[in-house]
Q: 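Submitted below is the structure of interest, expressed as structure tokens.
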Amino acid sequence: MKYILPAAVLLVLPLVSAQSPVWGQCGGIGWSGATTCVAGSVCTYSNDYYSQCLPVTTSSTSEAPPPPTSTVLPTSTSTRTGSTPTSTGFVKVSGQKFTLGGSEYIVAGTNAYWLAQQSNADIDKAFDDIVAAGLTTVRTWGFNDVTAVQNYGAYYQLWSNGKATLNTGPNGLDRFDYVVQSAKSHGVRLIVTLTNNWSDYGGMDVYVSQLNSGGTHDTFYTNAKVISAYENYIQVRTANQHFGSDTF
Ligand SMILES: *[C@@H]1O[C@H](CO)[C@@H](O)[C@H](O)[C@H]1NC(C)=O
């Protein structure tokens, strides 16, 4: 065994002495890798378990400030909420790349369709874990169409006799607003899905069964009443800002 050790040390040393790349981890409880970032990026606290090398905005600073170390990082939830630097702005497309604030935006995503069905504390915990895993982007459900009142989680449209009633109660759009708020404070971008091809959480088939008697799954795309109802839902979601204004 003793002959293997020197080789192992050689393998490990370059890893711990290098600077972390842009978007790489640079700190956090249990992290033993590099705590400095390559030029053009700065080590930024996300949570107690994860700090990340984020690109410095080139327009305002020519010299990056020294990266914060774990000893000076905020530890309470209230102070860290405001400390995530990239919490606003839409992701845009430039050629074949995504950009955010002029820098390339790397999509490392996960599907967490269920977020709005959870308590606020669990939504926050989920985003803590998502950020700690190095992810930047989350797809989540911005719809739940029900045909009977649901007394748990969240739903947004209650359908009855061809009429959809928006749920603005405590288990309605407020639940989704909290998902947006938590995503924003974690610096995570959302891809919001507004209906489902499948019948889970209602989806397209609820529109068809409520508005297009005798229709099929595919008449979701062609029936005027269905199209209008779905467009209305999109319009309500954006006009009432139940997306947040600038988070995804
Ligand atoms: C959508 O649902 C239909 C069945 O209703 C299925 O045939 C089709 O493959 C689905 N499309 C996708 C992209 O999943």
Side-chain angles (χ1 to χ4, degrees), residues 90-100 104-118 122-123 126-127 129-131 133-167 171-173 175-180 182-183 186 188-244 246-248:
F90 285 91
V91 173
K92 296 177 179 160
V93 175
S94 173
Q96 292 186 317
K97 292 180 174 175
F98 292 114
T99 62
L100 178 62
E104 184 176 358
Y105 177 81
I106 306 291
V107 175
T110 187
N111 180 32
Y113 67 88
W114 38 262
L115 281 167
Q117 305 297 324
Q118 313 304 316
D122 282 350
I123 292 169
F127 277 113
D129 292 346
I130 285 165
V131 168
L135 303 178
T136 61
T137 312
V138 169
R139 180 178 80 154
T140 196
W141 278 189
F143 66 92
N144 186 10
D145 291 87
V146 299
T147 52
V149 170
Q150 176 187 297
N151 292 314
Y152 56 89
Y155 68 90
Y156 311 132
Q157 290 195 111
L158 173 61
W159 286 90
S160 178
N161 299 320
K163 190 175 182 305
T165 305
L166 213 58
N167 182 7
N171 68 337
L173 292 167
R175 305 299 316 130
F176 190 82
D177 287 346
Y178 195 82
V179 173
V180 174
S182 186
H186 284 82
V188 169
R189 262 65 198 178
L190 299 177
I191 296 169
V192 180
T193 310
L194 292 176
T195 192
N196 197 354
N197 187 57
W198 307 100
S199 57
D200 309 278
Y201 292 78
M204 292 161 58
D205 292 344
V206 168
Y207 287 83
V208 173
S209 65
Q210 289 285 320
L211 298 169
N212 183 204
S213 166
T216 66
H217 181 73
D218 290 347
T219 61
F220 175 88
Y221 297 104
T222 54
N223 179 272
K225 283 170 78 177
V226 169
I227 292 169
S228 165
Y230 182 55
E231 286 180 347
N232 182 58
Y233 182 61
I234 296 171
Q235 199 270 330
V236 161
R237 293 302 307 266
T238 51
N240 291 3
Q241 303 205 331
H242 283 293
F243 272 160
D246 58 5
T247 300
F248 63 103

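Counting starts at 1 for both ligands and their atoms, in listed order.
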Q: Quick one, list the residues around ligand 1 where some non-hydrogen atom comes in under 4.0 Å, by chain and residue number.
A: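 Within the 4.0 Å shell of ligand 1, which is judged on heavy atoms, sit Asn197, Trp198, His217.
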Q: Can you give me the closest heavy-atom contact between Arg175 and Gly153, atom names plus distance?
A: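 Nearest pair, atom of Arg175 first, then Gly153: CG-O, 4.4 Å.
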Q: Identify the heavy atoms of Val91 and Leu100 that sit nearest to each other, and give their distance.
A: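 Nearest pair, atom of Val91 first, then Leu100: N-CD1, 4.2 Å.
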Q: For the rings on Tyr233 and Phe143, is their centre-to-centre separation under 6.0 Å?
A: no
Q: To check you understand the geometry: which heavy-atom pair defines the closest contact between Leu115 and Ile123, and what is its length?
A: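 Of all heavy-atom pairs spanning Leu115 and Ile123, the closest is O-CG1, 3.3 Å.
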Q: Any idea how Tyr113 and Trp141 line up, ring-wise: parallel (<30°), tilted (30 to 60°), or perpendicular (>60°)?
A: tilted
Q: When you measure from the side chain of Thr136 to the backbone of Ile106, do you find a donor-acceptor pair of N or O atoms at a distance under 3.5 Å?
A: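 Looks like yes, one N/O pair under 3.5 Å.
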